[in-house]
Visitor: 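One structure follows; several queries about it will come next.
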Number of protein chains: 2
Amino acid sequence: MMKNDRVVFIVDDDERIREALAELLESHGMRSVAFGSAGDYVEADKPDLLACLILDVELPDINGLEFQRQIAEGEHPPIVFITGHGDVPSSVRAIKDGAVDFLTKPFSDADLMTAVQTALDQDRQDRSTRAELGALRRRYLDLTPREREVLTLVVSGLLNKQAATELGISEVTLEVHRRNIMQKMAAASLADLVRMAERLKIPVTHSRRNPGGN
Amino acid sequence: MMKNDRVVFIVDDDERIREALAELLESHGMRSVAFGSAGDYVEADKPDLLACLILDVELPDINGLEFQRQIAEGEHPPIVFITGHGDVPSSVRAIKDGAVDFLTKPFSDADLMTAVQTALDQDRQDRSTRAELGALRRRYLDLTPREREVLTLVVSGLLNKQAATELGISEVTLEVHRRNIMQKMAAASLADLVRMAERLKIPVTHSRRNPGGN
DNA sequence: GGCGGCCTCATGGATTTCCATAGAATGCGA
DNA sequence: TCGCATTCTATGGAAATCCATGAGGCCGCC
């Protein structure tokens with residue numbers, strides 16, 4: 001009953017710890033892959049599965065907390081820190097930087113497994129969010145520069161006429177752009193498009209419409 | 001040059017600590033009000049200013065972390081924990097629960113002041129967000145039950161006709177509701193209304209519109 | 001029993017959006 | 001230089017929205 005859709009990465013310089021952790025995880029039906037240093041972890045090509053990273057704070061090549069910040073630049077599995085010499089400032093920094101938990105040895109098997117489970121759950125969430133946002137961004141990149149301008153004005157609430165004036169083009173042209181946008185973004189409605197723009201953090205310009213009334 | 005638009009609350013059972021903190025804060029032009037227990041803090045009527053709360057973990061009446069969770073139910077200033085016997089699990093919990101920082105004695109004046117400043121900045125942000133959301137909610141509460149139903153359907157992207165059918169009323173009636181909504185919510189455009197609904201976490205229903213594509 | 005708020009509906013016109021179709025100019029890379 | 005993407009424009013009609021105005025029924029509260 002080994003679950004093959006998920007994996008736990010272990011980065012710890014102590015081989016005995018790595019083995020103990022691997023064993024513990026296996027006994028819970030959890031597949032794991034261990035590394036002796038941050039460098040090894042980075043170099044390795046890792047399966048694209050639901051994952052979590054158990055990271056020792058003290059590593060031979062780099063400080064675990066520093067390493068956390070480095071990989072925070074890109075996509076990375078949620079981190080559970082473990083350490084033999086845990087101090088408060090480190091744990092504070094780790095959690096502030098998004099770590100799921102910070103366990104000091106000795107910790108119970110149960111605590112670790114709970115943290116791992118939480119991390120995996122979070123990864124599921126992260127992935128789903130990333131996937132959606134990624135799809136959205138891809139569609140956005142499909143837009144031409146002009147269409148992006150139009151999109152901004154439209155989701156700001158401007159009437160076609162107003163937006164057209166703003167861009168110095170005819171209303172008809174703007175309509176064409178607008179419909180192309182709806183098409184490319186696969187928006188079912190203006191409301192939909194506005195929500196997409198929100199998630200893409202597209203700023204609202206002069207969100208007026210009927211400023212004076214009528 | 002005492003700034004009177006902000007205040008730092010101190011909750012610590014040790015009077016010497018309270019006085020030392022108050023002095024330190026004062027030397028930085030910061031007004032403070034100190035309490036000997038969580039109960040005293042709760043009972044006191046506190047000025048509605050930009051604030052931050054320096055909280056000792058060990059209190060006579062309740063554990064600081066527990067107290068944090070209690071006040072987390074409602075509005076409260078950002079918390080900076082201080083403690084004489086800081087342990088990692090406590091700090092982890094505190095930060096997870098939203099504390100700005102967790103300082104163990106002895107800590108430097110600079111560290112505390114930095115944390116206090118961060119907390120005050122966060123309070124400014126929190127207040128601004130709360131104020132906007134509050135105004136939005138008040139307007140939403142101004143809507144009649146029917147209008148709220150209509151709002152949901154409209155921001156879901158339904159055409160007036162579709163929404164009207166959904167509610168079993170005529171299109172004209174729905175238009176009336178719709179315009180009343182725009183009025184009451186002070187929305188400048190549909191895009192605007194959609195964004196408001198997002199912030200109010202109004203769920204989208206069957207967000208279709210031209211399902212098959214005419 | 002009257003008043004006010006709420007929900008309902010109608011008419012009708014101005015305005016806007018939606019859609020399909022078609023043509024043309026620019027500019028850039030193959 | 002040809003082809004393609006991008007941008008621009010137009011016509012014309014269907015559909016939808018916006019707006020003002022008027023009005024009837026229901027219900028709870030004073």
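Just so it is clear: chains get the letters A, B, ... in the order the sequence lines come, proteins before strands, and each one is counted from 1.
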Visitor: Do B/Glu58 and B/Thr83 meet the criterion of a side-chain donor-acceptor pair at a distance under 3.5 Å?
Guide: yes
Visitor: Has A/Asn160 got a side-chain N or O lying under 4.0 Å from the OP1 or OP2 atom of C/dT16?
Guide: no
Visitor: Whole-Å distance between C/dA22 P and A/Arg179 CZ?
Guide: 14 Å
Visitor: Taking the side chain of A/Val172 as heavy atoms from C-beta outward, which of C/dC9, D/dT11, D/dC19 is closest to it?
Guide: D/dT11
Visitor: Would you classify A/Ser170 as touching base, sugar-phosphate or nothing, given that sugar-phosphate means primed atoms plus P, OP1 and OP2, and contacts are heavy atoms under 4.0 Å?
Guide: sugar-phosphate
Visitor: Is a side-chain donor or acceptor of A/Arg124 paired with a backbone partner of A/Leu50 at a separation under 3.5 angstrom?
Guide: no
Visitor: Does the side chain of A/Asp101 come within less than 4.5 Å of A/Thr118's, by heavy atoms?
Guide: no
Visitor: How is B/Arg178 classified with respect to the nucleic acid when contacts are heavy atoms under 4.0 Å: base, sugar-phosphate, or nothing?
Guide: sugar-phosphate
Visitor: When you check the phosphate oxygens OP1 and OP2 of C/dC7, does a side-chain N or O of B/Thr173 lie under 4.0 Å from one of them?
Guide: no
Visitor: Just checking, any donor-acceptor pair under 3.5 angstrom between side chains of B/Gln117 and B/Asp121?
Guide: yes
Visitor: Quick one: A/Gln183 CD to D/dA5 C1', roughly how many Å, whole number?
Guide: 17 Å
Visitor: Under 4.0 Å from OP1 or OP2 of C/dT15: is there any side-chain N or O of A/Lys161 that close?
Guide: no
Visitor: Counting just side-chain N and O atoms, does A/His177 come under 4.0 Å of either OP1 or OP2 of D/dC8?
Guide: yes
Visitor: Hey, does the side chain of A/Arg146 come within less than 4.0 Å of D/dC8's phosphate (OP1/OP2), counting only N and O?
Guide: yes
Visitor: Is any side-chain N or O of B/Thr144 closer than 4.0 Å to OP1 or OP2 of C/dC7?
Guide: yes
Visitor: What integer distance in Å separates B/Glu149:CD from C/dT8:C1'?
Guide: 14 Å
